[in-house]
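What follows is a set of notes on a single structure, which appears directly below.
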Amino acid sequence: MDSWKNAIEKLEFEKVRQRVMRYASSVPGKEFLQQSTISTSPQEVRLNLQRVSELKKLLEEEGELPIEGVFPVREAIRKAAIEGTVLLAKELAEILSTLKAARTVKQFLSKRQEQYPLVWQLAEHLYTDKVLEFNIERAVDESGNVRANVSRELQSIRRAIAERYDQLRKKLEGILKEATAQGLTQDEIITTRKAEWSSL
């Protein structure tokens with residue numbers, strides 16, 4: 001065990017890992033590298049070296065892989081599996097972006113699977129679902145904002161919130177004007193605000 005640990009240290013594996021992590025284009029990619037370990041299987045090492053050679057050739061010929069927009073969505077997906085749980089709009093937007101990235105990469109490599117079969121093996125199992133993409137995209141935009149036309153009910157709720165907010169703002173302005181007219185100090189105004197808010 002000690003000899004194996006010494007060998008890893010001599011190879012400066014951790015330095016190599018940290019350097020490679022700088023080039024990771026996503027948080028999940030960095031997490032994968034952080035959890036990676038050295039393989040002791042000659043067959044696995046040879047396969048990975050061949051795969052790296054393929055990927056190097058692909059990058060030299062194509063320039064780069066279309067892998068932008070990948071987010072860490074595992075936690076949101078776990079939440080979605082719990083009945084009654086509602087995902088935030090931002091979480092839906094990140095899932096949408098990740099789905100699109102997976103589909104784009106899979107399509108890109110599918111067209112090149114004969115030239116790069118080992119790289120394709122990594123991409124062919126990527127999950128894609130255009131119907132899910134479509135449904136999420138109808139609800140939220142790429143910035144994580146709920147679309148205004150999602151439903152009449154949502155629009156009604158938004159109007160009610162805006163009206164209630166306006167009522168509260170006007171009432172607060174009245175409280176502050178009255179307190180100022182009575183010559184109350186700032187601390188007294190705050191106390192008055194707390195008492196009025198508690199009665200709303």
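All of these numbers come straight from a predicted model, not from anything done at the bench. The figures that follow rest on heavy atoms only: side chains count, while hydrogens, waters and symmetry mates do not.
Annotation: the span from Glu91 atom CD to Thr85 atom OG1 amounts to 10.0 Å, rounded to 0.5 Å. Note: Ser36 OG to Met21 CE = 9.5 Å, rounded to the nearest 0.5 Å. To the nearest 0.5 Å, the span separating CD1 on Ile82 from CG on Leu87 amounts to 10.0 Å. In this structure, CZ in Arg164 is found 4.5 Å from CG in Leu168, a value given to the nearest 0.5 Å. Between Leu109 atom CG and Gln115 atom CD the span is 10.0 Å, to the nearest 0.5 Å. The distance from the CG atom of Leu172 to the OH atom of Tyr165 is 9.0 Å, given to the nearest 0.5 Å.
With hydrophobic clusters built from ILVMFWY side chains whose heavy atoms lie under 4.5 angstrom apart, Leu59 shares a cluster with Trp120. Hydrophobic clustering (side-chain heavy atoms under 4.5 Å, transitive across Ile, Leu, Val, Met, Phe, Trp, Tyr) groups Leu96 together with Leu132. When the side chains of ILVMFWY residues are joined at heavy-atom separations under 4.5 Å, either directly or via intervening members, Ile95 and Val70 end up in two distinct hydrophobic clusters. Ile77 is not connected to Leu126 by any chain of hydrophobic side-chain contacts under 4.5 Å among Ile, Leu, Val, Met, Phe, Trp and Tyr, and they are in different clusters. No chain of hydrophobic side-chain contacts below 4.5 Å, direct or via other Ile, Leu, Val, Met, Phe, Trp or Tyr residues, connects Leu11 to Val20.
Between Asp129 and Tyr127, the closest side-chain pair of non-hydrogen atoms falls below 4.5 Å. No side-chain heavy atom of Leu99 sits under 4.5 Å from any side-chain heavy atom of Val73. Considering only heavy atoms from C-beta on, Glu12 stays 4.5 Å or farther from Arg19 through its side chain. Put simply, the side chain of Leu58 reaches to within 4.5 Å of the side chain of Leu65, judged on heavy atoms. Residues Gln167 and Lys171 form no side-chain contact, since every pair of their non-hydrogen atoms from C-beta on lies 4.5 Å or further apart. Side-chain contact between Phe71 and Ser26 is absent, with no heavy-atom pair separated by less than 4.5 Å.
Of the possible polar contacts, one joining the Gln113 side chain to the Ser110 backbone as a donor-acceptor pair under 3.5 Å is found. In terms of modelled atom types and a separation under 3.5 Å, the side chain of Asp166 and the main chain of Ala162 share no donor-acceptor contact. A donor-acceptor contact shorter than 3.5 Å links the side chain of Ser39 to the backbone of Ser41. Not one N or O on the side chain of Ser97 forms a donor-acceptor pair closer than 3.5 Å with the backbone of Ala93.
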Side chains of residues 49-56: which donor-acceptor partners sit under 3.5 Å, not counting sequence neighbours?
unit_1 : atom_1 : unit_2 : atom_2 : d
Arg51  : NE     : Leu118 : O      : 3.0
Arg51  : NH1    : Asn48  : OD1    : 3.4
Arg51  : NH2    : Gln121 : OE1    : 3.2
Ser53  : OG     : Leu49  : O      : 3.1
Glu54  : OE1    : Leu118 : N      : 3.0
Glu54  : OE1    : Val119 : N      : 3.0
Glu54  : OE2    : Leu118 : N      : 3.3
Lys56  : NZ     : Glu60  : OE2    : 2.6

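Remark: Phe32 CZ is loosely packed, at most 12 non-hydrogen atoms of other residues, nucleotides or ligands lying under 6.0 Å away. More than 12 heavy-atom neighbours from other residues, nucleotides or ligands sit within 6.0 angstrom of NZ on Lys79. The environment of Glu68 atom CD is dense: over 12 non-hydrogen atoms of other residues, nucleotides or ligands sit within 6.0 angstrom.
The shortest non-hydrogen separation linking Pro66 to Val105 is O-CG2, 3.2 Å. What you find for Ile136 and Leu92 is that their closest heavy atoms are CG2-O, 3.5 Å. In plain terms, the two heavy atoms of Gly144 and Ala89 that are nearest each other are O-CB, 3.1 Å. Counting all heavy atoms, side chain and backbone alike, Thr40 lies closest to Pro42 at O-CD, 3.4 Å. When every heavy atom of Ala24 is checked against every heavy atom of Leu33, the shortest pair comes out as CB-CD1, 4.2 Å. Listed here is the closest heavy atom pair of Glu64 and Phe108: O-CZ, 4.2 Å.
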Verdict with supporting geometry, Lys100 and Glu142, side-chain contact (heavy atoms from CB on, under 4.5 Å) = CA-CA 11 Å; Lys100 286 184 174 181; Glu142 293 180 353; 3.8 Å; yes
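Remark: Arg17 engages Glu14 in a salt bridge, criterion side-chain N to carboxylate O under 4.0 Å. Taking the charged nitrogens against the carboxylate oxygens, Lys130 and Glu137 have no contact shorter than 4.0 Å, which rules out a salt bridge.
The salt bridge (Lys or Arg N to Asp or Glu O under 4.0 Å) pairs that include a residue from residues 102-122 are Glu62-Arg112, Arg103-Glu133, where partners are two or more places apart or lie in different chains.
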